[in-house]
Amino acid sequence: MGARHPARAETELTPGSIIAMMTNELTARKFAGVVRLQVTEEMPEKLQRWIAKQLKADIKDLEPTQGLLGLADLMKFQVNGYQELRDPPHQPVIHPRLRRLDTDHPAEIFNEIRRGDILLHHPYHSFDSSTLHFLKCAAIDRRCWRSS
């Protein structure tokens, strides 16, 4: 901070002044422009210019990098008007052996399990209609309670 603000180097630092300096510095950063923007090396130059213009950044602020960027962060980025580029929301399915169970009769799930193992694939199979349903049935079925 001394190089940026030479006048501050001469002032005496006290706990209050340090907090004030940090507050001022963080406020200035909050409203600062783009410092660096990483883009993949394969990004076309036209798109690089477009993104720089959208962010009011200089083209020199773009830093081409090899490999994938932070895709998890990118997926959170909401872009209006391009819904066709998004995957449809995932809708889990009910396992075929659990589809015909009557939810008003908790013993049915135990009868189905007695017929044979039920292999579930989460998140593809619905957690609510399988595991959660099983736990609710076990909680109300006295035969599942532990004897003391």
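Values below: all heavy atoms of this structure, side chains included; hydrogens, waters and symmetry mates excluded.
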H105: partners by ring pair (Phe, Tyr, Trp, His ring centres under 6.0 Å), with sequence neighbours left out | none
Do F110 and L98 belong to the same hydrophobic cluster, where Ile, Leu, Val, Met, Phe, Trp and Tyr are linked whenever their side-chain heavy atoms lie under 4.5 Å apart, directly or via other members?
-> yes
Separation between CG of L119 and CZ of R97, rounded to the nearest 0.5 Å = 10.0 Å
Going from CD on E42 to CG on L47, what distance comes out if it is rounded to the nearest 0.5 angstrom?
-> 12.5 Å
Do side-chain atoms of T40 reach the backbone of M43 as a donor and acceptor pair under 3.5 angstrom?
-> no
Is there a chain of hydrophobic side chains (I, L, V, M, F, W, Y, each step under 4.5 Å between heavy atoms) that links F127 to V93?
-> no
Donor-acceptor pairs under 3.5 angstrom involving side-chain atoms of residues 49-60: please list them, not counting sequence neighbours.
residue : atom : partner : partner atom : Å
D58     : OD1  : K60     : N            : 2.9

T131 and H125: CA distance, side-chain angles, deciding distance, side chain to side chain donor-acceptor pair (under 3.5 Å) verdict = CA-CA 10 Å; T131 308; H125 288 128; over 6 Å; no
Determine the minimum heavy-atom distance between T65 and Q38, stating which atoms define it.
-> CG2-NE2, 3.5 Å
Between CD of Q66 and CD of E41, what distance do you get to the nearest 0.5 Å?
-> 4.5 Å
Do H122 and S130 touch side chain to side chain, with heavy atoms closer than 4.5 Å?
-> yes
Note: R100-E112 ion pair, threshold 4.0 Å (strictly below) | yes
Side-chain donor-acceptor pairs under 3.5 Å in residues 133-141, sequence neighbours left out?
residue : atom : partner : partner atom : Å
D141    : OD1  : R143    : N            : 2.9
D141    : OD1  : R143    : NE           : 3.3
D141    : OD2  : R143    : NH2          : 3.2

Atom of P123, atom of H90 and distance for their closest heavy-atom approach = O-NE2, 2.9 Å
Greater than 12 external heavy atoms within 6.0 Å of N111's CG | yes
Kindly determine whether L37 and E63 satisfy side chain to side chain contact (heavy atoms under 4.5 Å, CB included), including the steps that lead there.
-> CA-CA 6 Å; L37 177 65; E63 180 181 299; over 6 Å; no
For the student: nearest non-hydrogen atoms of E108 and D102, plus distance | OE1-N, 2.8 Å
